[in-house]
Amino acid sequence: MTGDATERGLLISPIKNGTVIDHITAGEALNVLRIIGITGTTTESISVATNVKSGKMAKKDIVKIENRELFKDEVNRISLIAPNASINIIRDYKVFEKKGVETPEFLIGIVRCPNPGCISNANEPIQSRFEVQEKGLHCLYCDWVITKDITSYII
Amino acid sequence: MGNFRVGLCAGSPVPIPPGQKRGFMRHIISIRDFHRAEIDDLLDKAQKIQSRFDSSSLRGKILALLFFEPSTRTRMSFEAAMARLGGSSISMGSVEASSISKGETLADTIRVVSGYVDTIVLRHPKEGAARLASEFASVPVINAGDGAGQHPSQTLLDLYTIRQSMKIDGIHAGLLGDLRYGRTAHSLAHALSLYGATIHTISPKGLELPSSLVDELSRGGCEVINHENISGIIQELDILYVTRIQRERFPDASSYFKVASSYRVTPDLLRDVRDSFIVLHPLPRLDEIDPGVDSLPYARYFEQSNNGIPVRMAMLEKVMK
């Protein structure tokens, strides 16, 4: 085993079952966890490596989630902050399925509307709703468009 | 995500929340939901109503006026429009005396009122409130203004007034005043873009049309030209849409008066305008149009206000018949 491989092995050891999210834009690993709803209170074992050397991207982040296979809509949310990410579903240490991320058409209850006057920020029994457009995220309630810094609005 | 409840048209579908009723219902929430053909259809309907209308077409129907914000002309004109079609209206009274003061959500209010009436007209301080209401209502919802958001009946009556004087297609429309916060100017600009109009904007520094809206209009093929002052462009315009410059946008009274006076429409300013030129204003006005303009043939803002009746009659018939 080379020095590099040893280092990588120590940083992010293989998982038996679960999901590996690879080729995440460098520095976005923690935001990827937020956007798929994994916070400090969840029970999954998580490995995170940031700024790992990568032939394809110079630097990348990697996230490994044990014993949880991500659903398609969870995977697709990742495209908002890491459009080049690839998802590997692992079963018994082997890659069972490999897939890319697709940009979803709508985001329901994922992102908070930055407009304080928007009804989705009031005490109403609704979730925020955004349509994913080329120019950004369009709030379907107040027409506000989030064009940058999407991660700071993740609920 | 295949099920949508749509407005009068399918321009901006909103996914239905889990557990909500599915199916098509005519709501009028935003002018952005309209295709041009649907606007024309509504304006034609208003024109027919203005010349001759059936005063019993909505007999037995009840309209709820839910106004969470003060309003005089919009509320009264919806009430008058409903009465002229033979229907009746009920309102919730003041917010302080209602269940809202007990903390009831808008969603619950809408669910309950839906059981009492045939259509709900809603004005609310929060943007997107009418969209939310349309998701929880079992009857049509008409947006009568949601915060700084949409006010489609105003835009429809603006277009109706323009159409009384000229074909809307390809006109040169001047928008004057507070174009940053003025929701009527935003909606009108959007609607005019559907008619291939050229938009000329004249506004004080800091109150310009939002760049996101300019980008959107430009992407749709609409030319938007910004001007330093009104005198340089007034002769080229077919219509001038004047909006109120609100005092509270300025740090003190003197800076307000200084700016407001330079955006004032006077008889002198209109000396060399086109023959068919008209001046519109959503009212109420403050100092932005000199009273001397009222008697000129260009002044159409009072007709515009009166046009609220046939246009709102057309809207009520559209959603209830």
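Not measured: the values here are computed from a predicted model. Residue numbers begin at 1 in each chain, while the letters A, B, ... track the order of the sequences.
A salt bridge links B:Glu216 with B:Arg32: at least one charged nitrogen is closer than 4.0 Å to a carboxylate oxygen. Between A:Arg91 and A:Glu97 there is no salt bridge, since no side-chain N of the basic residue sits under 4.0 Å from a carboxylate O of the acidic one. A salt bridge links A:Lys60 to A:Asp22: one of the charged nitrogens lies within less than 4.0 Å of a carboxylate oxygen.
Every residue meeting the ring-ring contact (aromatic ring centres under 6.0 Å, His included) condition with B:His124, not counting sequence neighbours, appears here in chain and number order: B:Phe68.
In this structure, B:Arg131 fails the cation-pi test against A:Tyr141, since its NZ or CZ atom is not both closer than 6.0 Å to the six-membered ring centre and inside 45 degrees of the ring normal.
With chain A as the partner, the residue from B:Gly147, B:Ala107, B:Gly149 showing the most heavy-atom pairs under 4.5 Å is B:Ala107.
Considering OG of B:Ser138 and CD1 of B:Ile110, their distance stands at 10.0 Å, rounded to 0.5 Å.
Scanning residues 113-123 of chain A against chain B with a 4.5 Å non-hydrogen threshold yields A:Asn115, A:Pro116, A:Gly117, A:Cys118, A:Ile119, A:Ala122, A:Asn123, sorted by number.
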